[in-house]
Amino acid sequence: MSELKITDVKAILTAPDGINLVVVKIETNEPGLYGLGCATFTQRYLSVRSAVEDYMKPFLIGKDPQRIEDIWQTAMVSSYWRNGPVLNNAISGVDMALWDIKGKMAGMPVYQLLGGKCREAAAVYRHADGRDAREVEDNVRRYMEQGYRYIRCQMGGYGGRNHIIHAPENAQPGAYYDPDTYARSVPALFEHIRTAIGFEIEVLHDIHERVSPIEAVRMAKALEPYRLFFLEDALPPEQIEWFRTIRAQCAVPIAMGELFVHPNEWTGLIAEKLIDFIRCHISAIGGITPARKLAALCESFGVRTAWHGPGDVSPVGHAANVHLDLAVPNFGIQEWNGFSDRMKEVFPGCPEIRNGYVYVNDKPGLGVDLNEELAAKFPCGTELPKWTLARITDGTSVRP
Ligand code: GCO
Ligand code: MG
């Protein structure tokens with residue numbers, strides 16, 4: 001092949017299900033050879049588009065798309081200040097697109113480039129929620145009937161809701177909740193679920209950094225009898241030192257990472273074995289290139305992967321998650337949000353769910369395409385998210 005060069009880099013913004021997604025498309029001078037990567041930071045998607053089109057595009061035009069590692073390293077330090085969610089997402093979109101191109105050139109799915117299959121598919125967990133324990137139970141049973149064996153149980157989303165709020169006069173607007181009511185409701189929820197359904201399925205819970213560190217310790221201890229598969233985001237990234245206290249006091253498996261953007265956030269937790277599952281939002285750490293190294297680091301310390309897989313990851317990003325899931329020995333579980341029919345139309349080749357497992361197709365690269373004409377029919381919204389303006393009962397702003 002004559003000297004292969006990158007000829008165009010663009011960010012495609014689309015929201016087929018009303019959730020803002022960012023996909024980077026890299027084109028080359030080889031007719032028909034292009035790659036797609038996920039750069040979805042839904043709360044700041046316009047900033048990511050600028051980082052891609054104003055900075056990554058001039059940085060990349062004319063470069064050889066085969067040089068994935070060198071492009072990742074040089075893109076990372078090109079801004080001097082680095083390791084933040086906006087620039088990491090932009091670099092992830094580029095990185096995943098280059099892995100997509102590499103697979104297309106090799107005629108192989110990306111999991112083959114990462115060492116081949118350690119498993120045929122990745123087991124997934126779904127999100128059961130409800131206003132009370134009975135409704136959560138009904139939703140757990142609904143997922144069990146669909147073949148899922150790992151189910152995250154929340155009662156009122158993150159931090160619970162509809163609590164009695166004793167706010168002072170002129171309290172500021174926000175998404176109010178009461179951490180104490182929430183913290184006391186969670187063991188009661190799992191008491192109900194385990195009593196009603198037993199221990200044949202794996203259950204999970206996401207604290208979502210909604211309680212104080214000492215409350216997180218108390219919750220972890222109170223949940224020990226219910227054999228959670230893991231307890232997620234018990235602490236905010238700013239308080240990860242407290243994981244030592246949780247580890248010293250109970251044996252609940254700990255998952256953390258969707259908010260991480262800097263290696264210093266995870267390296268110590270892994271080396272000191274303070275967590276059991278790493279849950280990074282792969283585009284927030286810079287893509288497949290750092291994620292595969294992170295998975296290898298985790299393998300040495302007995303930590304398993306559980307990549308972030310919510311609605312604000314594009315099908316390209318979900319496919320990247322699954323290609324990694326298949327190829328690492330220390331796979332834990334894959335979070336799964338599911339795709340609407342509309343999403344599958346915009347993104348042909350979406351990974352498929354069958355009986356609680358997710359499968360990628362064997363097309364070369366990541367295996368997902370993007371119908372740009374259809375994507376343009378679902379513009380991203382400009383409304384700022386309301387749920388991130390979390391406040392506790394007296395109106396104090398807290399991490400969402
Ligand atoms: C999860 C996450 C998400 C995040 C969302 C933020 O476990 O899937 O906590 O629900 O809140 O991705 O935009
Ligand atoms: Mg979470």
Side-chain angles (χ1 to χ4, degrees), residues 15 17-22 38-48 85-86 88-89 92 122 124-129 139 143 148 150-161 175 177 182 186 202-211 216 219-220 223 228-237 239-240 243 252-261 265-266 269 275-285 305-315 317-318 320-322 325 332-339 343 358 380-381 383-390 398-400:
D17 290 348
I19 298 174
N20 302 331
L21 306 175
V22 183
C38 188
T40 299
F41 177 4
T42 198
Q43 292 84 354
R44 292 295 182 270
Y45 69 95
L46 291 174
S47 305
V48 176
V86 172
N88 283 3
N89 266 283
S92 163
V124 305
Y125 72 88
R126 297 305 300 268
H127 299 167
D129 204 333
N139 286 320
Y143 280 126
Y148 295 101
Y150 297 81
I151 299 166
R152 189 187 79 177
C153 302
Q154 308 287 132
M155 190 157 62
Y158 302 129
R161 61 170 69 93
Y177 75 101
Y182 159 63
V186 177
E202 298 281 7
V203 292
L204 309 86
H205 184 71
D206 187 351
I207 292 181
H208 212 271
E209 58 176 359
R210 286 305 186 99
V211 296
M219 283 180 75
L223 290 170
L228 268 61
F229 182 73
F230 66 54
L231 180 62
E232 173 189 342
D233 285 22
L235 299 165
Q239 299 292 349
I240 51 180
F243 277 122
V252 171
I254 296 296
M256 184 69 185
E258 71 182 51
L259 275 164
F260 286 171
V261 293
E265 293 175 301
W266 62 72
L269 290 181
I275 61 173
D276 302 277
F277 296 89
I278 190 72
R279 294 206 67 255
C280 293
H281 183 95
I282 285 182
S283 65
I285 66 169
T305 66
W307 306 123
H308 192 218
D312 45 310
V313 169
S314 73
H318 281 289
N321 282 345
V322 181
D325 292 342
I333 191 69
Q334 180 56 56
E335 181 177 20
W336 196 252
N337 185 68
F339 299 127
M343 189 67 81
V358 61
C380 289
E383 197 179 305
L384 285 175
K386 291 193 175 42
W387 68 270
T388 52
L389 186 56
V398 291
R399 295 183 182 98

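Whatever order the structure lists them in is the order used to number ligands and atoms, beginning at 1.
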For the Mg ion (ligand 2), the nearest N/O/S atom on Asp206 is atom OD2
Counting from 1 in the order shown, the ligand 1 atoms closer than 4.0 Å to a non-hydrogen atom of Pro310 are 8 (O), 12 (O)
Thr40 and Asp312: side chain donor to acceptor below 3.5 Å: no
- Query: Quick one: does Glu232 get an N or O within less than 3.5 Å of an N or O on ligand 1?
  - Reply: yes
| Taking His205 for the side chain and Cys153 for the main chain, is one N or O donor matched with an acceptor at less than 3.5 Å? | yes
Exercise. Taking both backbone and side-chain atoms into account, decide whether Glu232 has an N/O/S atom under 2.8 Å from the Mg ion (ligand 2).
Key: yes
Parallel, tilted or perpendicular: ring planes of Tyr158 versus His208, cut at 30 and 60 degrees:
parallel
Atom 11 (O) of ligand 1 sits nearest the protein heavy atom His208 NE2, 2.7 Å
Item checked: Tyr150 and Phe229 aromatic ring geometry - parallel, tilted or perpendicular at 30°/60° bounds -> perpendicular
_Looking at Ser92 and Ala39, would you say the former's side chain and the latter's main chain have a donor-acceptor pair under 3.5 Å?_
no
State whether the side chain of His318 and the backbone N or O of Pro310 hold a donor-acceptor pair below 3.5 Å, judged by distance alone. yes
Arg126 (side chain) donor-acceptor with Trp336 (main chain) under 3.5 angstrom = yes
for atom 12 (O) of ligand 1, nearest protein heavy atom and its distance come out as Asp312 OD1, 2.8 Å
Under 4.0 Å between heavy atoms, the region of Arg152 that gets near ligand 1 turns out to be side chain
Restricting Glu258 to its N/O/S atoms, the closest one to the Mg ion (ligand 2) is OE1
Looking only at side-chain N and O atoms, does His127 offer a donor or acceptor that is under 3.5 Å from a partner on Glu335?
yes
query: With no hydrogens and no angle check, is any side-chain donor or acceptor of Asn337 less than 3.5 Å from a backbone partner on Gly309?
result: no
Checking heavy atoms under 4.0 Å, the part of Trp387 that sits near ligand 1 is side chain
Are Phe260 and Leu269 close enough that some pair of their side-chain heavy atoms sits under 4.5 Å apart?
yes
If you scan protein heavy atoms around atom 8 (O) of ligand 1, the nearest is Glu335 OE2, 2.4 Å
### Query
From Glu335, does some N, O or S atom reach closer than 2.8 Å to the Mg ion (ligand 2)?
no
Counting from 1 in the order shown, the ligand 1 atoms closer than 4.0 Å to a non-hydrogen atom of Gln43 are 6 (C), 13 (O)
Taking only non-hydrogen atoms of Asp206 and a 4.0 Å limit, the atoms of ligand 1 in range are 1 (C), 7 (O), 9 (O)
Ligand 1 atoms nearer than 4.0 angstrom to some heavy atom of Glu258 are 1 (C), 2 (C), 3 (C), 4 (C), 7 (O), 9 (O)
Query raised in the report: Are any of the N/O atoms in Tyr125 less than 3.5 Å from those in ligand 1?
Result: no
With heavy atoms and a 4.0 Å threshold, my read on which part of His281 contacts ligand 1 is neither
of all protein heavy atoms, closest to atom 10 (O) of ligand 1 is Tyr158 OH, 2.6 Å
Checklist entry - Hey, is the main chain of Met256 close enough, under 3.5 Å, to the side chain of Asp233 for a donor-acceptor pair? => result no
